[in-house]
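The next block holds one structure in the form of structure tokens; read it before the comments.
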There are 2 protein chains.
Amino acid sequence: MNTQHFSTKERILGAAEQLFATHGFAGASLRQVTAAANVNLAAVNYHFGSKENLINEVFRRRLDDLNAHRIEELDKAAARTDSDLEDLLSAFIRPALDLSLDRTGGGAFIRVLARAFAEHNDALRKFLSDNYGHVMKRFHAAFAQRLPNLDKEELYWRLDIIAGALTYAMADFGVIKRKTGVTEQTHRERAVEHLIRFAAAGLRAP
Amino acid sequence: MNTQHFSTKERILGAAEQLFATHGFAGASLRQVTAAANVNLAAVNYHFGSKENLINEVFRRRLDDLNAHRIEELDKAAARTDSDLEDLLSAFIRPALDLSLDRTGGGAFIRVLARAFAEHNDALRKFLSDNYGHVMKRFHAAFAQRLPNLDKEELYWRLDIIAGALTYAMADFGVIKRKTGVTEQTHRERAVEHLIRFAAAGLRAP
DNA sequence: TCGTAGGTAAAACGAGCGTTTGAATGCTAC
DNA sequence: GTAGCATTCAAACGCTCGTTTTACCTACGA
């Protein structure tokens with residue numbers, strides 16, 4: 001993580017992601033971050049202006065990719081005529097799984113994202129809604145097409161529940177512990193399979 | 001909240017709950033807490049010993065009640081011969097709803113609980129598992145009886161997903177905004193109805 | 001070769017942190 | 001009424017926080 005061929009900005013972002021995931025935004029200090037990144041303390045304010053803005057950049061770095069992949073997968077699923085509910089769910093869920101398994105710290109990012117929900121920060125919510133609201137709209141439309149008998153508002157509720165369960169599962173909040181002999185990757189993939197099966201049945205509920 | 005007929009300890013616990021929910025454990029200072037509680041700064045260390053211990057007491061105050069109510073409701077549902085899956089889910093979910101609507105700050109506590117999951121604190125997880133693990137066991141047994149064809153491990157996964165979705169819904173993490181003219185109470189009750197319907201279908205999935 | 005701009009460095013700023021201290025206060029039992 | 005105890009209070013402790021300042025390095029175009 002601290003290897004020298006990453007730029008100062010990249011090393012700060014990586015270290016901040018890890019430490020925000022572990023200790024929270026208030027709990028991780030810039031002195032911890034810069035020490036972990038092996039850069040000078042003043043580098044954060046030089047490159048990012050403030051701690052607040054560093055937090056925003058930690059989000060931007062990952063979310064653009066995540067939601068682009070979701071749209072990409074959704075388009076693929078929509079193109080095929082034989083795609084079902086599980087395929088749509090997979091388009092939404094698997095990119096998050098891939099990110100959580102990314103070896104450059106994506107797993108930490110999912111935990112950061114979960115913290116962001118807990119922060120209940122209005123500015124951040126607006127940022128998420130403004131930048132990624134269209135993704136939710138696209139998925140809603142796709143699901144609505146497959147579930148023509150489901151009330152629109154009811155569908156919104158159910159998608160919200162799925163997003164919550166996904167965040168919870170990917171951030172490893174749950175009580176189910178990984179068994180010895182099962183890799184982290186396998187554990188997460190199983191969680192996704194269970195989640196998709198569960199969510200598909202929930203969506204099909206009358 | 002600051003009315004004088006509450007004891008100093010009670011006023012500190014109430015103010016701490018609110019501020020931990022809003023700003024997190026690290027983000028809320030004892031100066032903020034004692035100011036909101038209208039007590040002297042030194043009162044926290046006098047009555048609770050440390051900030052760390054104050055956090056523990058905030059949990060203990062609510063969780064004993066919550067899980068006692070869950071067991072109570074579960075026993076009631078189990079006693080009736082015509083009880084179904086939805087009744088069991090209700091026994092698990094409604095006490096959390098009631099707590100979230102409690103006018104003495106229970107709503108804030110649910111958000112504190114969600115933060116605790118995000119903290120990923122091993123000591124806290126052990127505390128929760130030690131003190132309330134038997135509740136999950138009771139519910140697992142009850143669900144297993146109603147779903148004899150469902151694999152035991154599969155059931156654990158699904159209950160974990162439901163707990164995640166519940167935490168997410170009750171802590172108001174979701175993107176669904178309360179419409180004007182709908183009270184907070186009504187909004188939460190609708191969330192619970194949706195959640196129970198969704199979860200019941202998910203549990204019945206093959 | 002020199003001037004300049006981009007980046008890094010160490011040190012310090014004022015503010016706020018959790019905690020401790022010791023004196024003042026209120027209450028109860030004698 | 002007063003001794004003894006629990007509680008409250010103002011003040012201060014040492015420390016860490018995010019941020020700013022100022023000096024220094026280094027590379028590159030003129």
Side-chain angles (χ1 to χ4, degrees), chain A residues 1-61 112 115-116 118-119 121-124 127, chain B residues 1-61 112 115-116 118-119 121 123-124:
Chain A
M1 185 61 58
N2 298 342
T3 37
Q4 291 303 121
H5 75 279
F6 286 110
S7 74
T8 298
K9 282 183 83 162
E10 284 167 334
R11 274 182 287 150
I12 290 172
L13 284 170
E17 190 172 64
Q18 292 285 344
L19 286 162
F20 288 156
T22 309
H23 301 109
F25 303 113
S29 74
L30 294 187
R31 281 169 176 80
Q32 287 177 279
V33 169
T34 52
N38 208 17
V39 303
N40 187 271
L41 168 61
V44 168
N45 287 281
Y46 178 78
H47 286 286
F48 297 95
S50 67
K51 182 179 185 178
E52 187 67 28
N53 200 59
L54 169 61
I55 295 172
N56 288 339
E57 290 306 312
V58 167
F59 281 102
R60 196 189 310 279
R61 183 170 73 137
V112 173
R115 277 189 187 273
E119 289 292 326
N121 181 314
D122 282 340
L124 180 64
F127 171 83
Chain B
M1 186 60 62
N2 299 342
T3 35
Q4 291 304 121
H5 75 279
F6 285 109
S7 74
T8 297
K9 283 182 82 161
E10 284 166 335
R11 274 183 287 149
I12 290 174
L13 284 169
E17 191 171 64
Q18 292 285 344
L19 286 161
F20 288 156
T22 309
H23 300 109
F25 303 114
S29 74
L30 294 187
R31 280 168 177 80
Q32 287 177 280
V33 168
T34 51
N38 208 15
V39 303
N40 187 271
L41 169 61
V44 168
N45 287 281
Y46 177 78
H47 287 285
F48 297 96
S50 66
K51 182 179 185 178
E52 187 67 28
N53 199 59
L54 169 61
I55 295 172
N56 289 339
E57 291 305 313
V58 166
F59 281 101
R60 196 189 311 280
R61 183 169 73 136
V112 173
R115 277 189 186 274
E119 290 291 327
N121 182 314
L124 180 63

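Small disclaimer: the values here were computed from a predicted structure and weren't measured. In the text below, chain A, chain B and the rest are named by the order of the sequence lines, each starting its count at 1.
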Between residues 39-52 of chain B and DNA chain D, which residues have a heavy-atom gap below 4.0 Å?
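Those residues whose heavy atoms fall under 4.0 Å from DNA chain D, taken from residues 39-52 of chain B in numerical order, are B:N40, B:A42, B:Y46, B:H47.
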Which value, rounded to the nearest 0.5 Å, describes the distance between [X] atom [atom1] and [Y] atom [atom2]?
X	Y	atom1	atom2	value
A:S50	A:N56	OG	CG	8.0 Å
B:H23	B:Q32	NE2	CD	6.0 Å
A:E17	A:T22	CD	OG1	10.5 Å
A:L19	A:R31	CG	CZ	14.5 Å
B:T34	B:R11	OG1	CZ	11.5 Å

Under 4.0 Å: is that the gap between some side-chain N or O of B:S29 and OP1 or OP2 of C:dC17?
yes
Looking at A:T8, does any N or O in its side chain come under 4.0 Å of the phosphate oxygens OP1/OP2 on C:dT8?
yes
Side chains of B:E10 and B:L13: closer than 4.5 Å at any heavy-atom pair?
no
With a 4.5 Å cut-off on side-chain heavy atoms, are B:T8 and B:N40 touching?
no
Pair of N/O donor and acceptor under 3.5 Å linking C:dG16 base with B:R31 side chain:
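Flag unset: no donor-acceptor pair detected.
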How close do B:K9 and B:F48 get, counting heavy atoms only, and between which atoms?
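Taking every non-hydrogen atom into account, O-CZ, 3.9 Å.
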Please report the distance, rounded to the nearest Å, between CG in A:L30 and P in C:dT8.
16 Å
Going 5' to 3' along DNA chain D, which are the first and last nucleotides with any atom under 4.0 Å from a heavy atom of chain B?
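Endpoints of the contacted stretch of DNA chain D: D:dA6 to D:dA12.
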